[in-house]
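To start, the structure under review is shown below, and the notes come after it.
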Amino acid sequence: MALSKRYNAKESEPHWQKFWDEQGIFRYNSDSDKPVYSIDTPPPTVSGKIHMGHIFSYVQAEVMARYHRMKGMEVFYPFCFDDNGLPSERFTEEQRNVKAQDMPRSQFVELCLEVTKEAEGMFRDLWTRFGFSCDWDLLYTTIDPWVQRISQRSFLDLNEKGFVYRKEAPTLWCPGCQTAVAQAETEDKEFAAVFHDLEFRLADGNGCIPIATTRPELLPACVAVFVNPNDERFHGLIGQKAVVPIFNHEVEIMGDSKVDMEKGSGIVMCCTFGDTTDIEWWQEYDLDLRIVLDKRGHMNARAGFLEGMYWKKARKVLVDKLIEEGFRKGGKDIEHAVNVHERCGIPLEYLVNRQWFVRILDRKDELIRCGNRINWYPPHFKVRFDHWVENLKWDWCISRQRYYGVPFPIWYCNECGEPIFANEKDLPVDPLEDSPGEPCPNCGCNSFRPESDVMDTWATSSLTPQINEKWGEKDEREGFMPMSLRPQAHDIIRTWAFYTITKAYLHSDDIPWKDVMMSGHALNPSGEKMSKSKGNVEGDPLLALGRYSADELRYWSCSSKLGSDVLFSQEVLGDGRRLVTKLWNAIKFAASRLENYDPEIEPELRPYDRWILSRFTIATESATSGMEKYEYSVAMDKAEYFFWKVLCDNYLEIAKKRLYSDDDPSGKQSAQYALYRVLYGSLRLFAPVLVHVTEELYQAIFKKSEGHESLHLAPWPDPDYMDEEALKYGDMSLQIIERARKFKSEQNLSMAAPLKALDIEIPREDLDGLRSLQDDLMNVTRAESILWSEGDKLVIKVVPVDE
RNA sequence: GGGCGGGUAGCUCAGUUGGUUAGAGCACAAGCUUCACACGUUUGGGGUCGCAGGUUCAAAUCCUGUCCCGCCCA
């Protein structure tokens, strides 16, 4: 088949995408005898914000799917969407300009389903256009009824095993989203604040103590005052009582070593609750509970005259009053980190309410041991997992006071208040719509109150391996766990990776996958993390696809070491384009030289042909060992070096004469044999990344003789050809070619200019080996003769024609 | 404050268990109608390997300290 002069990616890419889809090239065959390679694809959040950073990270995993498929494995590569939970609620509210609380839950859920379905269609199209080889028949979404069933089954199983409990306890609370949140959903944000120096009177009337605080509005919530017992300044204070300014209740002054003597005045007030230390003290010393904030962040009746005010206003009003009454002695402007909800950026509060928790704090060692059994690529990210587990402070709060999510399969008895768990056979249930079907097992009462909370999205997305396995379903996949690979970005180690490992451990004392590959982030050209919310247009995948081909963008995605961040740069994208073009031209050339070539013939091989075959073996070995360690960039680098520097720049020039001329049929046959193998081999080394152009070239040139329906079903190269001597002298001879090229360049001559002779001095032991390359050397350098002589080392002299 | 990663040519990055003169691409300069490719090709210029010590016959590489950048966690 004749190839056009230029490769047209715009036409070619959709063509092959359609071909793969129609032929079912990437369909998973559960009946296959091949070993299964299963990928636990990250379900992207359906919130309308896909940017090149997502593509970047997904391509890296996709390349591994293609590699393992070529390695002869049955690749299980599903796609999925995370379309329940807060982000999807937000997305729906934005898209339809509505508020969840303004309508019944069922109506809002309906709307969410509608909006997310539309978005998913667009997402699927987008991923297809990047050449993704997932099997769309395996698609699942986290709101699918059967996925909800697995999620609820997980909850029931954890409950049966005694790993969940419901407790009224101080909980991280987002006043903006009006829900409890988990430790993993928080982040620190710097805020400007004022460190107020306040003065508390001692109850016995003998003086005052200074206390510095950034949260004066919590004064009515003050339940104790602490000093460090080692602080000599305040020894006499412990055991005395202090009077809270304005609110005038008395609190005890206590000693605890957690008090930082250097910070503020060295005396700190304990409120219910300002931070985690307050909670620890409250528990440890059995202090009073004085909650002053409600769920929306407004002051309640306990705050007296501040009642009804949002905390910000209350703070201002109270500070004014403190100044007026002489309790505030000064203040200092500071910047300090505040724990905020990562979804909305609003500072979190600690409220006491009833939530469902998964017990994890007593399992830290076991979880770290599970982490040790998993192969982390690159390995240093495991440290981050270990540290997260070691520093856990809370059990996992899994209840959310939201609307769109997987409901808890629970009702509460109106008589005795006991929770009634759904029957597994009835799952999935929505307690708001369904009823338990049986009277309360505790008291026999028939009146119930449904649990209206939904589960944390991570409670479901931490089950992606079990969802892929169809855990507990009729069509459960046997022997599926642990899965082969979890690909994900490193910023969700503490959430997705952590929770998934936790669930696999709690449910089945197993690891969820054998390998984890951690991708880095895509950065925009100025080095900032890509984010569509920052209005970074260059990060828009659709715009990118207009400017670059999918293969170029895939090449860029694979241009950095696994786990490291990479700039979305014009330069690397240019490199990809050049490589695609080079590949096209080299194979176009080969095609013209391989007409009527019969790959079955085994000719006597010439030295340079043995050299290039040996070089290909070496390149393939390096590329393969890179791929085995998920270092696609190493693999690409080795393939590219071989293809461009060794094959195109040298071998093709060396073999060209023999490939064109019919004067030496056996020499031509030998060159064709090597050329066919190394080019088809190179094509396969590039296939996982440059998926479209390699397919087109394969279909045009190699399919007829190789017979695989698609290049992506062809085996990964595994050459064993090795001729050490050919390798040695082939490499050595490159110095001669280089010398001749340098001479011509210095003389401003064309590379095609003839030379009178090459005068080569060479150690005796290498003379015969190098001389065996003489014919091809004369061809490539255009030297009319080569004069050989013995010497101490290799010395090359060029004799020009006019000398 | 703790942890992890990074600092190598103007830019983006390779550099294996320490071992010739530290590499590539881009950019730059000078050439080249060469029967695949000018989206090409050849040749060349360009580096105190963040800094300071140490170990060694030998350090970009190992050790100690230190500075800067990024990320994660307090």
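Residue numbers begin at 1 in each chain, while the letters A, B, ... track the order of the sequences.
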Give me the distance, rounded to whole Å, that separates [N] from [M] when you measure between the [atom1] atoms they each carry.
{"N": "B/C63", "M": "B/C72", "atom1": "C1'", "result": "27 Å"}
{"N": "B/G54", "M": "B/A14", "atom1": "C1'", "result": "28 Å"}
{"N": "B/C28", "M": "B/U64", "atom1": "P", "result": "44 Å"}
{"N": "B/A9", "M": "B/C49", "atom1": "C1'", "result": "10 Å"}
{"N": "B/U56", "M": "B/C71", "atom1": "C1'", "result": "36 Å"}
{"N": "B/G5", "M": "B/G15", "atom1": "P", "result": "15 Å"}
{"N": "B/G6", "M": "B/G45", "atom1": "P", "result": "32 Å"}
{"N": "B/G3", "M": "B/G40", "atom1": "P", "result": "48 Å"}

What is the base-pairing partner of [N], counting Watson-Crick and G-U wobble geometry with both distances under 3.5 Å?
{"N": "B/C35", "answer": "none"}
{"N": "B/G23", "answer": "B/C13"}
{"N": "B/A29", "answer": "B/U43"}
{"N": "B/G5", "answer": "B/C69"}
{"N": "B/A52", "answer": "B/U64"}

Are [X] and [Y] close enough for a salt bridge, meaning some N to O gap below 4.0 Å?
{"X": "A/Asp731", "Y": "A/Arg615", "result": "yes"}
{"X": "A/Lys703", "Y": "A/Glu695", "result": "no"}
{"X": "A/Lys668", "Y": "A/Asp664", "result": "no"}
{"X": "A/Glu13", "Y": "A/Arg554", "result": "no"}

N/O (side chain, [X]) to phosphate O (OP1/OP2, [N]) under 4.0 Å:
{"X": "A/Ser750", "N": "B/U34", "result": "yes"}
{"X": "A/Arg578", "N": "B/G40", "result": "yes"}
{"X": "A/Lys582", "N": "B/G40", "result": "no"}

Table please: side-chain donor-acceptor pairs of residues 733-740 of chain A below 3.5 Å, with sequence neighbours left out.
| from | atom 1 | to | atom 2 | distance (Å) |
| --- | --- | --- | --- | --- |
| A/Ser733 | OG | A/Tyr608 | OH | 2.4 |
| A/Ser733 | OG | A/Gly730 | O | 2.7 |

What integer distance in Å separates [X]:[atom1] from [N]:[atom2]?
{"X": "A/Ile737", "N": "B/U41", "atom1": "CD1", "atom2": "C1'", "value": "15 Å"}
{"X": "A/Met751", "N": "B/U34", "atom1": "CE", "atom2": "P", "value": "11 Å"}
{"X": "A/Phe589", "N": "B/G40", "atom1": "CZ", "atom2": "C1'", "value": "14 Å"}
{"X": "A/Arg741", "N": "B/G40", "atom1": "CZ", "atom2": "C1'", "value": "13 Å"}

N/O to N/O distances under 3.5 Å, protein versus nucleotides 19-23 of chain B:
none

| message | So if I apply the side-chain hydrogen bond (donor to acceptor under 3.5 Å, both in side chains) rule between A/Asp776 and each of A/Arg658, A/Arg606, A/Lys657, which one comes out positive? | response |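 Looking at A/Arg658, A/Arg606, A/Lys657, the match for A/Asp776 under the side-chain hydrogen bond (donor to acceptor under 3.5 Å, both in side chains) is A/Arg658.
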Where does the angle between the aromatic ring planes of [X] and [Y] fall among parallel (under 30°), tilted (30 to 60°) and perpendicular (over 60°)?
{"X": "A/Tyr499", "Y": "A/Trp396", "value": "parallel"}
{"X": "A/Tyr7", "Y": "A/Trp584", "value": "tilted"}
{"X": "A/Phe498", "Y": "A/Phe385", "value": "tilted"}

| said: Between A/Tyr350 and A/Phe273, is the ring centroid distance below 6.0 Å? | reply: no
| task | Would you name the heavy atoms of A/Leu367 and A/Val389 that are closest together and state the gap between them? | result | CB-CG1, 4.2 Å
| said: Can you give me the closest heavy-atom contact between A/Met751 and A/Ser745, atom names plus distance? | reply: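 Answer, listing the atom of A/Met751 first, then A/Ser745: CE-N, 4.1 Å.
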| field | A/Arg6 or A/Glu746, whichever maps to the more 5' nucleotide of RNA chain B | value | A/Arg6
| message | So if I take residues 640-658 of chain A and measure heavy-atom distances to RNA chain B, which residues fall below 4.0 Å? | response | A/Trp644, A/Lys645, A/Cys648, A/Asp649, A/Leu652, A/Glu653, A/Lys656
| What string of B, S and - do you get for nucleotides 1-18 of chain B 5' to 3' if you count protein non-hydrogen atoms under 4.0 Å? | --SSS------S-SS---
Which protein N or O atoms sit under 3.5 Å from an N or O of nucleotides 60-62 of chain B?
none

| task | Return the set of residues passing ring pair (Phe, Tyr, Trp, His ring centres under 6.0 Å) with A/Phe226 (not counting sequence neighbours), or none when no residue passes. | result | A/Trp281, A/Tyr285
| task | Using a 4.0 Å heavy-atom cut-off across all strands, classify A/Arg782 as base, sugar-phosphate, or nothing. | result |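 Contact class for A/Arg782: base.
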